[in-house]
There are 2 protein chains.
Amino acid sequence: MTEIERKLDSNGIRPTAMRILIYKYMAEKNNALALTDVEQAFQKAERTTLYRTIKTFEEKGIVHQIDDGTGVLKYALCEPGCNCEIDRDLHLHFHCNSCDKTICLTQHKIPHINLPEGFMAEDANLVVKGICDSCSAY
Amino acid sequence: MTEIERKLDSNGIRPTAMRILIYKYMAEKNNALALTDVEQAFQKAERTTLYRTIKTFEEKGIVHQIDDGTGVLKYALCEPGCNCEIDRDLHLHFHCNSCDKTICLTQHKIPHINLPEGFMAEDANLVVKGICDSCSAY
DNA sequence: TATTAATTGCACTTCTGTTGCATTGCTTAT
DNA sequence: ATAAGCAATGCAACAGAAGTGCAATTAATA
């Protein structure tokens, strides 16, 4: 039983060949992926399978969904410190306007926001757009 | 020449009957609207017309687009202090999980975010989700 | 091994955003 | 005042992503 199989298994996900491959692929990338990205990488597999696999990952809490404002949903593996389900202390995401990649800044938490009377925060989503470190290096 | 006509005219938008109606409708609402919302309100008009009208408003800087994470784009009139085009000091938006409305918190600016080395911010989008003042009153 | 449940593949549907083109309506110069 | 020209609108259709129903296959378990 490999590392990944154990990971899936311990989260109540049956470690099928497909799922292991998809998990491995997502783990290799350091940026959030759209369904189409995964589709490109696994052209032999059905879109629906990939879709449902990622949704399963999400339900089981090992992947979180990101809306980076591009109109396409992105997904990224939850890393240590991600805490996307446990508390409201959510990390922020960065979208590069140059290379179009979206990355999780797991260490960077969303600062506390003061809301007007009567408003109660349950969740927050902060996407900063600009130029990422790779692109600014040139 | 009415208030609205002057507003449109001074922003380089020809004040047609349709546009005046749409502007008036958006001004009445205190929350951001999706295209379908406007569509519901003007069932006699074409979707395309509404779409292009709002896009025109956006281009001319009297409306700003909001991605509240629901997957549907919302639009809201720019109010004094909105500054959506001028500087990067953007205000935040609140999405109510109960009534599903999205509102601009024009007075509440996005706090400064420290980014890792090499990252440069150009823009930011912060959506706080929770219960709005109307819904929490019950 | 037989039974049962979960996973995958295929075909569609829906929804939103968007564009091309013909037509209508408004502006302006003659 | 009228014709020419441009902007606005209506109609039709397309594109892309998200999501669903169902049959077929695969894996787990008794």
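Everything numeric here is computed off the predicted structure, so don't read it as measured data. Quick note on labels: first sequence line is chain A, next is B, and so on, each numbered from 1.
Looking at heavy atoms from C-beta onward, A:E3 lies out of side-chain contact with A:K24 at the 4.5 angstrom threshold.
For the side chain to side chain contact (heavy atoms under 4.5 Å, CB included) with A:C104, the qualifying choice from A:I66, A:N31, A:L77 is A:I66, the only one to do so.
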Just list the side-chain donor-acceptor pairs under 3.5 Å for residues 35-42 of chain B, sequence neighbours left out, or say none.
from  : atom 1 : to    : atom 2 : distance (Å)
B:D37 : OD2    : B:A34 : N      : 2.8

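Separating the CG atom of A:D9 from the P atom of D:dA27 is a distance of 15 Å, rounded to the nearest angstrom. In this structure, A:I13 places its CD1 atom 15 Å from P of D:dA28, rounding to the nearest Å. At whole-Å resolution of the value, CD in A:E59 and C1' in C:dT7 are 14 Å apart. Between B:L8 atom CG and D:dA7 atom P there is a gap of 17 Å when expressed in whole angstrom units.
For A:T70, the side-chain contact (heavy atoms from CB on, under 4.5 Å) partners at least two apart in sequence or on another chain are A:D68, A:V72, A:K74, A:H95. Evaluation of the ring pair (Phe, Tyr, Trp, His ring centres under 6.0 Å) rule for A:H108 yields no partner, not counting sequence neighbours. A search for ring pair (Phe, Tyr, Trp, His ring centres under 6.0 Å) contacts involving A:F57 returns nothing, not counting sequence neighbours. Checked against salt bridge (Lys or Arg N to Asp or Glu O under 4.0 Å), B:K55 has the following partners two or more places apart in sequence or in another chain: B:E58. Applying the ring pair (Phe, Tyr, Trp, His ring centres under 6.0 Å) test to A:Y75 and every residue at least two apart in sequence or in another chain returns nothing. Under the salt bridge (Lys or Arg N to Asp or Glu O under 4.0 Å) criterion, B:K129 pairs with no residue at all, not counting sequence neighbours. Residues that satisfy the ring pair (Phe, Tyr, Trp, His ring centres under 6.0 Å) test with A:Y23, not counting sequence neighbours, are absent from this structure.
Under the 3.5 Å distance criterion, the side-chain polar atoms of A:S98 are left unmatched by any main-chain donor or acceptor of A:C135. Using a distance-only test at 3.5 Å, with no hydrogens or angles considered, a donor-acceptor pair links the side chain of B:R19 to the main chain of B:R14. Under the 3.5 Å distance criterion, the side-chain polar atoms of A:T49 are left unmatched by any main-chain donor or acceptor of A:A45.
Near DNA chain D, defined here as any heavy-atom distance below 4.0 Å, the residues from residues 16-30 of chain B are B:T16, B:M18, B:R19, listed numerically. Using a 4.0 Å cut-off on heavy atoms, the residues of residues 36-46 of chain A that approach DNA chain D are A:T36, listed by number. Listed by residue number, B:V72, B:L73 are the residues of residues 66-77 of chain B with a heavy-atom contact under 4.0 Å to DNA chain C.
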Taking only nitrogen or oxygen atoms into account, show me every contact under 3.5 Å that the protein makes with nucleotides 20-26 of chain D, one pair per line with its distance.
from   : atom 1 : to    : atom 2 : distance (Å)
D:dG21 : O6     : A:R52 : NH2    : 2.8

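For D:dA18, neither phosphate oxygen OP1 nor OP2 lies less than 4.0 angstrom from any side-chain nitrogen or oxygen of A:K55.
Along DNA chain C, the nucleotide nearest to A:T49 and the one nearest to B:A34 differ in position, and the one closer to the 5' end is contacted by A:T49.
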